[in-house]
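Each remark here refers to the structure printed beneath this line.
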Protein chains: 2
Amino acid sequence: MSTVLKALHLLDFFDEQTSSFSLNELVTLSGYTKSKVRRYLLDLLEGNMIEYCSSTNTYRIGLMPLRLAKVREACTPMQAAIDNEVRNLSHKLNESVHCCIEIGGHILRISVVQSKKKNRIVLPLGEKVPWHASASGLAILAFSSEEKVLRILNKSLPSFTEYTVTDINTLKEKLTVIQQRGYSVSENMLENGISSVAVPFFNPQQQACGALSVVMPSIRFGPFYSQLPIDLILRSAKKATSLTLGQFPKCFPGHNKQVLYAN
Amino acid sequence: MSTVLKALHLLDFFDEQTSSFSLNELVTLSGYTKSKVRRYLLDLLEGNMIEYCSSTNTYRIGLMPLRLAKVREACTPMQAAIDNEVRNLSHKLNESVHCCIEIGGHILRISVVQSKKKNRIVLPLGEKVPWHASASGLAILAFSSEEKVLRILNKSLPSFTEYTVTDINTLKEKLTVIQQRGYSVSENMLENGISSVAVPFFNPQQQACGALSVVMPSIRFGPFYSQLPIDLILRSAKKATSLTLGQFPKCFPGHNKQVLYAN
DNA sequence: TACTATGTTTCAAATAGTGAAACGCCAGTT
DNA sequence: AACTGGCGTTTCACTATTTGAAACATAGTA
């Protein structure tokens with residue numbers, strides 16, 4: 001593994017919950033030796049990827065990512081495009097809609113719009129979502145390489161409810177179904193009473209890089225699913241894809257324009 | 001120079017104008033050998049810092065910077081804090097106010113609020129500002145290391161008006177004055193008819209990382225400067241500094257609370 | 001004062017980075 | 001079809017950078 005990659009790996013630990021670390025904390029988290037971590041941190045510091053706060057002896061994200069994000073958003077305004085699609089879709093369906101993208105091996109929720117209904121699902125922004133127990137995670141996995149699927153699912157997976165599927169073979173079968181349908185469904189898999197439908201979207205390399213998901217109380221899911229507005233959801237996913245210069249792969253169903261509904 | 005830093009250096013070339021590059025373009029820009037650049041790009045790719053677009057054979061900024069920027073803004077909302085100070089200051093002075101920060105060796109304007117007066121200065125957001133011919137640039141330089149000053153000023157500097165100073169020794173004298181006063185002044189240096197005053201602000205390492213600047217038609221500058229509301233401007237700069245967890249250095253004048261006015 | 005937890009420095013050993021050159025591929029030209 | 005130039009890819013011997021362990025420094029605490 002290259003030095004550059006090892007250094008960049010340190011950045012993976014920073015998130016909204018834990019946004020700054022001391023040297024020793026990163027030593028523990030990364031498993032690298034102290035000298036290694038220190039050297040990397042100094043390099044990242046000089047490259048403006050992180051900042052050092054001398055009063056607390058901790059490191060946090062620096063200004064360079066801000067600049068780079070600005071550059072990226074300036075030429076391909078993904079965040080704006082996605083926020084827009086999520087808002088539209090939520091407005092049309094009057095259910096909560098959220099969008100997750102995969103970064104650094106995790107799925108992160110980067111956009112949410114809540115339903116206006118009294119009984120609705122409220123999802124925190126920036127949260128990590130489990131691969132195997134969310135419609136979004138499965139939607140992405142279904143259009144990922146076999147190797148990646150194995151890497152992610154081939155470990156002991158946590159069970160959240162009695163409906164969480166943790167067996168790799170059952171999960172693989174689920175993925176096959178999702179590949180055929182083009183969307184995934186989660187009923188009470190992550191938390192009892194919450195159900196959702198997700199459609200993946202793709203990056204320029206035609207890899208699934210995120211998913212749009214409609215999420216609601218399970219009590220409303222039956223009627224919703226029986227006349228699933230998959231066209232609407234798909235259209236949003238395609239728009240999000242094209243706005244970020246991505247491309248749906250040939251293997252995606254509905255290339256033949258025939259969309260499969262419920263069951 | 002470490003490998004990590006050399007790899008990160010490639011990211012410096014990406015900006016709003018030129019947001020994607022082929023391998024060879026980066027070879028030319030960086031002066032590195034082809035093998036080197038390629039290796040670095042692959043590492044950055046795997047670290048999600050960049051994306052590869054196979055249809056154009058070019059690289060552009062990836063998703064990781066987006067994530068990191070989000071993390072940073074979530075814990076220290078710099079952009080929001082600065083926008084706020086710029087708005088306040090502009091409102092109080094009724095002149096255009098803007099804020100620049102230094103990223104990757106350049107000064108970028110990241111926040112602007114226009115004066116409400118008919119005759120006012122309108123500045124584009126995201127523009128690069130020259131180090132030697134702007135109040136902001138000089139304000140930052142005055143509180144930067146000698147080595148950095150030399151690196152930046154020790155090349156042939158463009159002349160914008162007959163008032164642009166391009167001689168390094170004259171510029172250095174200017175910097176000394178700014179160090180004593182805590183603010184910098186630009187009269188017609190970048191464009192005839194535009195004058196401004198700038199105060200630097202600082203990051204946690206007490207390095208000048210940006211500047212707040214009040215800018216107006218030169219015709220109003222005399223009266224303005226004769227009773228310069230430096231306290232107001234300084235207070236805004238200090239607030240911007242503290243909100244981003246930064247710290248003014250000991251060497252900054254006014255630690256003794258005595259503020260020097262005009263001339 | 002001693003103790004502990006943290007960050008810093010050092011240096012020989014070894015791993016990972018390096019540049020040059022050869023290679024393969026594609027598109028445009030003759 | 002053969003030639004050409006431009007670009008990305010692969011390879012490999014050489015060596016410079018990275019590495020880990022251990023000693024050192026410093027700050028906070030009992």
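All values below come from the heavy atoms of this structure, side chains included, with hydrogens, waters and symmetry mates left out. Here is the naming used below: chain letters follow the sequence lines, and residue numbers restart at 1 for every chain.
Taking the six-membered ring where the residue is Trp, Phe21(A) and Phe14(A) present perpendicular rings, their angle passing 60° and hence far from 30°. Phe143(B) and Phe202(B) have perpendicular rings, their planes meeting at more than 60° on a 0 to 90° scale where under 30° would count as parallel.
When each of Val4(A) and Tyr59(A) is assigned the nucleotide of DNA chain C bearing its nearest heavy atom, the one mapping closer to the 5' terminus is Tyr59(A). Each of Glu25(A) and Met1(A) was matched to the nucleotide of DNA chain C holding its nearest heavy atom; the match closer to the 5' end belongs to Glu25(A).
With rounding to whole Å, Leu23(A) atom CG is found 12 Å from dA5(C) atom C1'. In this structure, CZ of Phe21(B) is placed 13 Å from P of dG8(D), rounded to the nearest angstrom. Atom CZ of Arg39(A) is separated from atom C1' of dC11(C) by 13 Å (rounded to the nearest Å).
A salt bridge links Glu51(A) with Arg72(B): the distance from a Lys NZ or Arg NE/NH1/NH2 to an Asp or Glu carboxylate oxygen falls below 4.0 Å.
The side chain of Ser2(A) sits closest to dG17(C) out of dG17(C), dG8(D), dG7(C). In the set dT19(D), dT9(D), dG17(C), the nucleotide with an atom closest to the side chain of Thr3(B) is dG17(C).
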Just the table, please: protein N/O against nucleotides 28-30 of chain D N/O, every pair under 3.5 Å.
none

Listed pairs, N/O of protein and of nucleotides 19-27 of chain C, under 3.5 Å:
{"unit_1": "dG19(C)", "atom_1": "OP2", "unit_2": "Thr33(B)", "atom_2": "OG1", "d": "2.7"}
{"unit_1": "dG19(C)", "atom_1": "N7", "unit_2": "Ser35(B)", "atom_2": "OG", "d": "3.1"}
{"unit_1": "dA20(C)", "atom_1": "N6", "unit_2": "Ser35(B)", "atom_2": "OG", "d": "3.2"}

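Regarding contacts with the backbone of dG7(C), a side-chain N or O of Asn24(A) is found under 4.0 angstrom from either OP1 or OP2. Applying the 4.0 Å criterion to OP1 and OP2 of dA16(C), one finds that Tyr40(B) has every side-chain N and O outside that range. Residue Arg38(B) has a polar side-chain atom (N or O) positioned under 4.0 Å from OP1 or OP2 of dT9(D).
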Q | Residue pair Ser213(B), His98(B): steps toward the side-chain contact (heavy atoms from CB on, under 4.5 Å) verdict | A | CA-CA 5 Å; Ser213(B) 164; His98(B) 67 138; 3.2 Å; yes
Q | Audit row: Asp83(B), Ser111(B), side-chain hydrogen bond (donor to acceptor under 3.5 Å, both in side chains) steps and yes/no | A | CA-CA 6 Å; Asp83(B) 287 350; Ser111(B) 185; 2.8 Å; yes
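Residue Tyr52(A) is out of contact with every strand shown, counting any heavy-atom pair closer than 4.0 Å.
Donor-acceptor pairing under 3.5 Å is recorded for the side chains of Arg60(A) and Thr76(B). No side-chain N or O of Glu173(A) forms a donor-acceptor pair with one of Asn169(A) less than 3.5 Å apart.
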Show me, pair by pair, the donor-acceptor contacts under 3.5 angstrom made by side chains of residues 38-45 of chain B, not counting sequence neighbours?
{"unit_1": "Asp43(B)", "atom_1": "OD1", "unit_2": "Ser2(A)", "atom_2": "OG", "d": "3.0"}
{"unit_1": "Asp43(B)", "atom_1": "OD2", "unit_2": "Ser2(A)", "atom_2": "OG", "d": "2.9"}

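Considering only heavy atoms from C-beta on, Ser30(B) comes within 4.5 Å of Phe13(B) through its side chain.
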